[in-house]
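Every value quoted in this text rests on a predicted model; they were computed, and no experiment measured them. No hydrogens, no waters, no symmetry mates; every other heavy atom, side chains included, goes into these values.
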Amino acid sequence: MNLLETISSLPGVVLDHMGTWSFLLIVAVVAVFLTLVTLSLFRPHRAVSIRRQFERKAPFVLLGLGLLIFLFSSLAFGLQEEDNLLSFAVTAYETTQIFSLNTDPDRISKKDETPPGPPAKALSPEERKKRDVSSLLLVGAMFCSSLFVLILGFSAIATLFRHAFDNLLLMTISRHVVICGLGRIGREIFSDLIKTEKKRWIVVIEPDAENDYIEWVRQQGGLVVIGDATREEVLVAASIRAADEIFLVMGHDETNIEAAIEARDLLKSKGRSQGIAFWRKPSALRCSLHILNRDLASIVRIQSNDMETDDQIIRIDVFNALERTARRLIEDIVGLDVGEQRHPLRPTRHDEVSHFVILGFEEFGQTLALQLAEQAHFENLKRLRMTILDHDIAKKAKPFQSRYPRFAPESTGLDPWHFDPAADSWSSRSLRPAPLACSDDPTAIEYVTNARFCEVYDEITDDEFIANLRRAFERPAGALPDVPFVRPAILICFAEDGKNFALAERLRQKLRIEGIVDWPIFVWIPEQQELSRLLLDQMDSASQGDSASRAAEKAPLIPFGQCSDSTSYHEITDSWSDWLARYINLAWDQDYRKKTNQPTDPDWNELMQAFDLAKNGRVPPAKLPLSRLDRLSEKLWKGERREAMRASNRSAAIHSVSKLAVYGLEFDENCHTSELRHHAIPDDPSKNDVLRQMEHNRWIAERLLGGWRFGPVEPPAKPGGDPITKNVARQTHSMIIPWEHVPPEFRYKDETIVTVVLGLCRLGILRTQPSDGKPRRATHR
């Protein structure tokens, strides 16, 4: 017999010795194993789903199979035994044999074999039928027992060797996501990733082996590496060389920075890896680095380009959860309607002004004050007012004012609850900042906000505190025309969630008694989701207008600060504001090329033509080179080594929420799309002029808070050149002046941003919707 004949005869030999059912069972087991291996390599989310379903349902399947085995075997052996007294004991014994796969196969044979000895009595039809039923039941019981043992074995092996399996997967996976730290932000990122359609392997590095959420991660299909992410061997165990993204969201800023440097050094020394997917070209590892301290975050952002390697195998993006939370809050403020008349919270007329009362001036309170100063510039075109309260406020305010001398004027000796209406104007010099921050030029703008610092009251319902709020917020009867209407907001942001909730609830009860209905209270609740959900449910019931909950409309409590709002995976990696910032940066690049007589990109020229068509009410072309423009904007953004320019573009993108509010619009959730959905936005010249002034005021605030100051126009560097408006080394700029003093030829920068924002919205690339007057976090939670 040759080799070919031997191989062809193997299936028959195997079937003769094993039986058809046993052979098919083994083939099925091998097929399932190979399928799981294939899915693990090429479709990891499918393998995770199968594994998760198996772990959840295996105990119930085993229980069901055990009941079936006991039922089938009891009936089968009961039909076979003639002695009813012994049937129960025999049934129990034989059932145990079935569970242990030790049943004699002859007992289920249907053949009428004649045993040796005297001829047996022939079976009657009833006895034959009983024997056939018993054999069929035994077949079912034995088949269920085989499945029972197989599933039980799989469960035991998966439990005993789970760590080994995870290590094996870590050696083979690629293009996965690594999350360092299983705190609030890490859990939110993980939850978002397991909900996305593009599911990938997720590896979590957690130093605390007792973390209660480790088992939850494993149940959701994630892989866990216990260890310190600042150590090279731990990063190697997590296979970051083959990963696509890594999130450094551990508890301390220094730890996150150290882990980023260690990851950079590891990739620099050993390079990127494709894992077993050798046919894929590895892209740069995207490192999202969380730094809570805003000053440290600014420094690391500036140094992030130096932290990256020359061959671009790692890209470091710094984000700050507190900054993102404050920006989300401003979105709520821009779109919220308050009071019985449902008027906008933001000032919309020239005779209105914003007044924010901030209770709590720790790390987040200071971040919130800075973000309001930079972003809260509305169509009233005035400075905003701010009263900041905390314990030991002088001790906390002094270093803050030293760090940001142009944040507010000198307020020593001023009443913290009385504001001069003349100082609301950007051109006013009735108040001055610290002497070193002053300018000799009478047209220069010297500070951003009219802020006062005040010691917090022992009790938030103190009658003196309420009286001072009334004095600051309410316009007295018979007031002079120059006294503006105040649009107030109370922001409670101490360090403890429970304290914030209790203070806000007591203040709301007090305002109800006083009959005050249009003072919204924003309460910072970053950790306790239950308290936040309770307040959101109250707002939802109040918005339905039923009489039982109508009282909730009086001085509503609006929670903010949840990780799902500001530090979700989508917000960190590809939010609409980041996308828009890249397009604004692209617009600046193309404007500079045009100004210096360099060729501009033809794709950008086509987009600008589409802007003009949409502005005039005509339908733009159905196809635009959006994918090429996305790649171009991404390339320019990566090549921009000046973090100050990136920060300015981000700030301009975020402020577009306030600009669109002038047209009664707000961004739709998940508004960034690659599809053209034309949205008719009228081209109102008067509103567009207001938008340009708003952008100019925002830009001034950004520059002053960034350490810049006014400096006169310098002569051109060469004959016939343009005059020099800024000196980067000295951080001076000649356009830090009120809008009315800006020469027309220097207003193009504001026009460019307004054109880009409105153009993208008109084309529907940024989706908008009419504002409904509700907080966006409550509407889209």
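Of all non-hydrogen atoms in Val448 and Ala701, the two that sit nearest each other are CG1-CB, 3.6 Å. Between Leu763 and Leu607, the shortest heavy-atom contact is CD1-CD1, 3.8 Å. Between Ile291 and Ala297, the closest heavy-atom pair is CG2-N, 3.7 Å. Looking at every heavy atom in both residues, Glu571 comes nearest to Ser566 through CB-O, 3.8 Å. Shortest non-hydrogen contact noted between Ser577 and Ile654 is CB-CG1, 4.0 Å. Smallest separation of non-hydrogen atoms from Cys287 and Leu248: SG-CD1, 3.6 Å.
Side-chain contact, Asp317 with Ser288: no donor N or O sits under 3.5 Å from an acceptor N or O. For Asn605 and Thr600, the side-chain atoms include at least one donor-acceptor pair closer than 3.5 Å. Using modelled atom types and a 3.5 Å distance limit, the side chains of Gln769 and Glu666 yield a donor-acceptor pair. Using a 3.5 Å distance cut-off with no hydrogens or angles, the side chains of Ser575 and Asp578 do pair a donor with an acceptor. Side-chain N/O atoms of Asp684 and Tyr663 include no donor and acceptor closer than 3.5 Å. With hydrogens and angles left out, the side-chain atoms of Gln371 and Thr367 include no donor and acceptor closer than 3.5 Å. Asn293 and Asp253 share no side-chain donor-acceptor pair at under 3.5 Å. With 3.5 Å as the limit, one finds a donor-acceptor pair spanning the side chains of Arg698 and Ser651.
Asp689 places no side-chain N or O within 3.5 Å of a backbone atom of Pro685 that could act as its donor or acceptor partner. The backbone N or O of Ile584 sits nowhere less than 3.5 Å from a side-chain atom of Asn649 that would complete a donor-acceptor pair. Between the side chain of Arg582 and the backbone N or O of Asp630 there is no donor-acceptor pair closer than 3.5 Å. Using modelled atom types, no side-chain atom of Arg646 and backbone atom of Asn585 make a donor-acceptor pair closer than 3.5 Å. Put simply, the side chain of His176 gets close to the backbone of Ala238: a donor and an acceptor are under 3.5 Å apart. Although no hydrogens or angles enter the test, the distance criterion places no donor-acceptor pair under 3.5 Å between the side chain of Arg187 and the main chain of Val217. The backbone N or O of Val236 sits nowhere less than 3.5 Å from a side-chain atom of Arg241 that would complete a donor-acceptor pair. Looking only at distances, no side-chain donor or acceptor of Ser648 sits under 3.5 Å from a matching main-chain atom of Ala644. Side chain of Glu258 to backbone of Thr230: no donor-acceptor contact under 3.5 angstrom is found. Side chain of Asn256 to main chain of Met250: a donor-acceptor pair is present (N/O by atom type, distance under 3.5 Å, no hydrogens or angles).
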Residue pair Leu632, Asp601: steps toward the side chain to side chain contact (heavy atoms under 4.5 Å, CB included) verdict: CA-CA 9 Å; Leu632 178 60; Asp601 192 274; 3.6 Å; yes

Derivation of the side chain to side chain contact (heavy atoms under 4.5 Å, CB included) call for Glu245 and Val178: CA-CA 6 Å; Glu245 298 176 88; Val178 180; over 6 Å; no

Verdict with supporting geometry, Trp579 and Leu760, side chain to side chain contact (heavy atoms under 4.5 Å, CB included): CA-CA 11 Å; Trp579 180 89; Leu760 292 174; 3.8 Å; yes

Stepwise ring-ring contact (aromatic ring centres under 6.0 Å, His included) check, His655 with Trp699: CA-CA 10 Å; His655 189 253; Trp699 175 82; over 10 Å; no

Intermediate values then yes/no, side chain to side chain contact (heavy atoms under 4.5 Å, CB included), Leu266 and Ile240: CA-CA 9 Å; Leu266 174 63; Ile240 71 160; 3.7 Å; yes

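Put simply, the side chain of Phe364 reaches to within 4.5 Å of the side chain of Thr325, judged on heavy atoms. Ile330 is not listed as a side-chain neighbour of Asp332, based on a closest heavy-atom distance of 4.5 Å or more. Side chains of Arg703 and Gln731 form no contact here, defined as non-hydrogen atoms less than 4.5 Å apart. Counting only heavy atoms from C-beta outward, the side chains of Pro526 and Arg184 approach each other to under 4.5 Å. Here the side chains of Ile558 and Leu336 are in contact, with some heavy-atom distance below 4.5 Å. In this structure, Lys749 and His696 have side chains that are in contact, with non-hydrogen atoms separated by less than 4.5 Å. Counting only heavy atoms from C-beta outward, the side chains of Trp708 and Lys726 approach each other to under 4.5 Å. Annotation: side chain of Ile194 is in contact with side chain of Ile202 (closest heavy-atom distance under 4.5 Å).
One finds the CD atom of Glu323 at 11.5 Å from the CG atom of Leu368 (value rounded to the nearest 0.5 Å). Here the CD1-CZ distance, from Ile572 to Phe319, works out to 3.5 Å after rounding to the nearest 0.5 Å. In this structure, the separation between CZ on Arg327 and CG on Asn320 is 8.5 Å, given to the nearest 0.5 Å. Atoms OG1 and CG, from Thr752 and Asp750 in turn, are 8.5 Å apart once rounded to the nearest 0.5 Å. Note that CG of Leu624 is 9.5 Å distant from CG of Asp603, once rounded to the nearest 0.5 Å. Summarising the geometry, atom NZ belonging to Lys635 is positioned 12.0 Å from atom CG belonging to Leu586; distances are rounded to the nearest 0.5 Å.
Tested against Arg286, the residues Asp244, Thr573, Ile246 include a single side chain to side chain contact (heavy atoms under 4.5 Å, CB included) partner, Thr573. The side chain to side chain contact (heavy atoms under 4.5 Å, CB included) test with Cys761 is passed by exactly one of Leu665, Ile681, Val756: Ile681.
A salt bridge links Glu232 and Lys270; the closest N-O separation between the charged side-chain nitrogens and carboxylate oxygens is under 4.0 Å. Of the charged side-chain nitrogens involved, at least one lies within less than 4.0 Å of a carboxylate oxygen, so that Glu634 and Arg315 count as a salt-bridged pair. Remark: Glu379 engages Arg346 in a salt bridge, criterion side-chain N to carboxylate O under 4.0 Å.
Figure legend: cation-pi geometry between Arg692 and Trp739 absent, as NZ or CZ is not positioned both under 6.0 Å from the six-membered ring centre and within 45° of its axis. Judged by a 6.0 Å distance limit and a 45° cone about the ring axis, Arg593 is not positioned over the six-membered ring of Trp604.
A ring-centre distance under 6.0 Å is not found for Tyr569 and Phe190. Taking the ring centroids of Trp576 and His570, they lie at or beyond the 6.0 Å cut-off. Taking the six-membered ring wherever Trp is involved, the centroid distance between the rings of Trp588 and Tyr592 does not fall below 6.0 Å.
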